Amino acid sequence: MSYNAEFQERLAQDRRLVILRFLAEEADGRMSASVMQDALELMAHRVPRVQVMEDASYLEERGLLRVEYVGTVPIFRVTSRGVEVARGLVVVPGIKRPRLGD
């Protein structure tokens, strides 16, 4: 794997963790895809909507969030396992593990 490919993978792992952490901090564990895109940008991940949806799909396949729709608006809902990953209690390949104290 080239350095750039390895770096891109690390960025993806961090984005997935950021998604879970933002959802875990919401009182109802939900957030729309467009608000999540804005949240990711606050954390220096400026990515297109398609990338946000691909990351959500990755997380959904692993049982860490669910994508629900209100009309045509995708809404992400974190699962209890997703909260555990966000808190560093469970390790899942492809998702950055949070550092202690973060």
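What's counted below: heavy atoms across the whole structure, side chains too, no hydrogens, waters or symmetry copies. Residues take their numbers from the sequence shown, with the count starting at 1. Worth saying up front: this structure is predicted, and the values here are computed from it rather than measured.
- Applying the under-4.5 Å side-chain rule to Ile, Leu, Val, Met, Phe, Trp and Tyr, the cluster around I75 extends to V70, V73.
- Shortest non-hydrogen contact noted between R62 and V92 is CD-CG1, 4.2 Å.
- Residues I95 and D14 have side chains not in contact (no heavy-atom distance under 4.5 Å, counting atoms from C-beta outward).
- Partners of E60 under the side chain to side chain donor-acceptor pair (under 3.5 Å) rule, at least two apart in sequence or in another chain, do not exist in this structure.
- Side-chain contact between S34 and R49 is present, with heavy atoms from C-beta onward closer than 4.5 Å.
- The closest side-chain heavy-atom distance from L40 to F22 is not below 4.5 Å.
- Judged by the 6.0 Å distance and 45° axis criteria, R16 is positioned over the aromatic ring of Y58.
- The two residues L23 and F76 come nearest to each other via the heavy atoms CD2-O, 3.6 Å.
- No side-chain heavy atom of Q13 sits less than 4.5 Å from a side-chain heavy atom of L17.
- The shortest distance between side-chain heavy atoms of V78 and L64 does not fall below 4.5 Å.
- The shortest heavy-atom contact between G63 and T79 is O-OG1, 2.7 Å.
- Between L59 atom CG and I19 atom CD1 the span is 5.5 Å, to the nearest 0.5 Å.
- For R46 (side chain) and E41 (main-chain N/O), no donor-acceptor pair under 3.5 Å exists by modelled atom type.
- Summarising the geometry, atom CZ belonging to R15 is positioned 8.5 Å from atom CD belonging to E54; distances are rounded to the nearest 0.5 Å.
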(message) Quick one, E6 with R10, criterion side chain to side chain contact (heavy atoms under 4.5 Å, CB included). Give me CA distance, side-chain angles, the key distance, then yes/no.
(response) CA-CA 6 Å; E6 183 177 333; R10 287 184 184 208; 3.1 Å; yes
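- Put simply, the side chain of L42 does not reach to within 4.5 Å of the side chain of D38, judged on heavy atoms.
- Looking only at side-chain heavy atoms (C-beta outward), R21 and M43 stay at 4.5 Å or farther from each other.
- Nearest heavy atoms, G88 versus R97: O-NH2, 3.1 Å.
- Between V67 and A56 the shortest heavy-atom distance is CG2-CB, 4.1 Å.
- Applying the salt bridge (charged side-chain N to carboxylate O under 4.0 Å, His left out) definition to pairs two or more places apart or across chains, those involving residues 63-81 are R66-E68, E68-R77.
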